[in-house]
Amino acid sequence: MILWDLLFPNRCPFCQKLIDAKATVCHRCEQGLPYLPKPLCRIDMGEVKRLYCAVYYDGAVPDGIGEFKFRGKSQLAPYFADLMMKRMGEELRQEGCSCVCCVPMHRSKQRMRGYNQAELLAKELARRLGAAYRPCLVKVRSSKDQHTLTAEQRRTNLRNSYRACGVCEGTILLVDDVCTSGSTLKECAQTLRDSGASCVIAASIALTPNRQEREAAFFQTCESIHNTKEEPLKKNKK
């Protein structure tokens, strides 16, 4: 283990600074994340009745999610699930969802990446909520990555890309890592509703903020960093 730690030291996924082997993120990044004021951030978004998110997709958040999503750090799934439960656990429990499912990935892309980060996240959330995880959707058509497209292109890129499988009934919690325009969640929710789900609730780690939200998140992050810097000074004065 000592040799492994020397060759592959543990780093914070948000800032890449060295951290203790047992830690997941550094204290500074944990305190400085741009948390949403309230987890419920969108309502009646197509067939998505309510959307819950933990943080804004801003600051260091894209780096942390990028490590989880694109750079093989699948072990970050429990951390992000804990972050979501910390911010929206009570609200998700009150929704009384019959099961949890994820935004699926096309099999060719999942083969290349090795895993679907939304699936790992959904399974961790289901475990924490005491709910069943079900693979309610499959992606039947390969499409361009949503994050590479304009808002208008996103609206049409995913049409007829998803198909329901298995039982779709009751209130379903649909999980993804990031919500940008909401096109992916809306398309998946529409498929679930067409297949028998009575209601679709969505949850993601992060929400891409609009201009007003971005400004509020910026000032919140600055205040959090300022307070983090002041803590050691207060302790020294005692």
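Keep in mind the model is a prediction, meaning the values are calculated, not measured.
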Chemist: Kindly indicate whether the side chain of I205, heavy atoms from C-beta on, has any atom under 4.5 Å from the side chain of C53.
Modeler: no

Chemist: Do the side chains of S204 and V178 get nearer than 4.5 Å, heavy atoms only?
Modeler: no

Chemist: Measure the shortest side-chain to side-chain distance between R128 and P78 over non-hydrogen atoms and say whether it is less than 4.5 angstrom.
Modeler: yes

Chemist: Got a second to check how far E119's CD is from D177's CG, nearest 0.5 Å?
Modeler: 13.0 Å

Chemist: Side chains of R113 and M105: closer than 4.5 Å at any heavy-atom pair?
Modeler: yes

Chemist: Counting only N and O atoms by type, is there a donor-acceptor contact under 3.5 Å from the side chain of N10 to the main-chain atoms of T24?
Modeler: no

Chemist: With rounding to the nearest 0.5 angstrom, report the CG to CE distance, L129 to M84.
Modeler: 9.0 Å

Chemist: List the atom of P9, the atom of L18, and the distance in Å for their closest heavy-atom pair.
Modeler: CB-CD2, 3.4 Å

Chemist: Specify the closest pair of heavy atoms between Y133 and C101, including all atoms of both residues, with the distance to one decimal.
Modeler: CE1-CA, 4.0 Å

Chemist: Please examine the side chains of Y115 and Q110, heavy atoms only from C-beta on, and report whether any two atoms are closer than 4.5 Å.
Modeler: no

Chemist: Counting heavy atoms not belonging to R163, are there more than 12 under 6.0 Å from its CZ?
Modeler: no

Chemist: Using the six-membered ring wherever Trp is involved, compare the ring planes of F14 and Y79 and label them parallel, tilted or perpendicular (cut-offs 30° and 60°).
Modeler: perpendicular

Chemist: Classify the side-chain pair Y52/E95 by whether it contains a donor and acceptor separated by less than 3.5 Å.
Modeler: yes

Chemist: Starting at CG of L207, measure out to OG1 of T180 and round the result to the nearest 0.5 Å.
Modeler: 8.0 Å

Chemist: To check you understand the geometry: which heavy-atom pair defines the closest contact between A164 and L137, and what is its length?
Modeler: CA-CD2, 4.1 Å

Chemist: Please name the pair of heavy atoms, one in I172 and one in C97, separated by the smallest distance, quoted to 0.1 Å.
Modeler: C-SG, 4.3 Å

Chemist: Taking all heavy atoms of R193 and all of A197, pick out the closest pair and write down the distance.
Modeler: NH1-O, 2.8 Å

Chemist: Ignoring hydrogens and angles, tell me if any N or O in the side chain of N160 forms a donor-acceptor pair with the backbone of R141 under 3.5 Å.
Modeler: no

Chemist: Nearest 0.5 angstrom please: H27 NE2 to E30 CD, how far?
Modeler: 8.5 Å

Chemist: Quick one: does any side-chain atom of R87 pair with a main-chain N or O of L36 as donor and acceptor, under 3.5 Å?
Modeler: yes

Chemist: Are any non-hydrogen side-chain atoms of Q117 and L121 less than 4.5 angstrom apart?
Modeler: no

Chemist: Going by the rule salt bridge (charged side-chain N to carboxylate O under 4.0 Å, His left out), which residues pair with D63 if we only count those two or more places apart in sequence or in a different chain?
Modeler: none

Chemist: side-chain contact (heavy atoms from CB on, under 4.5 Å) between K139 and R107: does it pass, once the steps are laid out?
Modeler: CA-CA 8 Å; K139 191 169 187 184; R107 61 181 180 276; over 6 Å; no

Chemist: Set out, in order, the CA-CA distance, both residues' side-chain angles and the distance that settles side-chain contact (heavy atoms from CB on, under 4.5 Å) for C136 and C165, then state yes or no.
Modeler: CA-CA 5 Å; C136 298; C165 58; 5.7 Å; no

Chemist: Surrounding CZ of R93 (heavy atoms of other residues, nucleotides or ligands, distance under 6.0 Å), is the total greater than 12?
Modeler: yes

Chemist: Give the intermediate values and the outcome of side-chain contact (heavy atoms from CB on, under 4.5 Å) for residues Y35 and L83.
Modeler: CA-CA 10 Å; Y35 295 106; L83 176 65; 3.6 Å; yes

Chemist: Would you check, one step at a time, whether the test side-chain contact (heavy atoms from CB on, under 4.5 Å) holds for K49 with I43?
Modeler: CA-CA 6 Å; K49 190 67 176 176; I43 58 172; over 6 Å; no

Chemist: Decide whether V140 and V103 are clustered together by the hydrophobic rule: side chain heavy atoms of Ile, Leu, Val, Met, Phe, Trp, Tyr closer than 4.5 Å, transitively.
Modeler: no

Chemist: Looking only at heavy atoms, which two atoms of T171 and S198 are closest? And how far apart?
Modeler: N-OG, 3.7 Å

Chemist: Should V61 and L33 count as side-chain neighbours, where that means a heavy-atom distance under 4.5 Å?
Modeler: yes

Chemist: Hey, could you give me the SG/CD distance between C199 and E169, rounded to the nearest 0.5 Å?
Modeler: 14.0 Å

Chemist: Do I19 and R11 come close enough that some side-chain heavy atom pair is under 4.5 Å?
Modeler: no

Chemist: Shared ILVMFWY cluster between I201 and M85, side chains joined below 4.5 angstrom?
Modeler: yes

Chemist: Distance from C41 atom SG to Y56 atom OH, nearest 0.5 Å?
Modeler: 7.5 Å

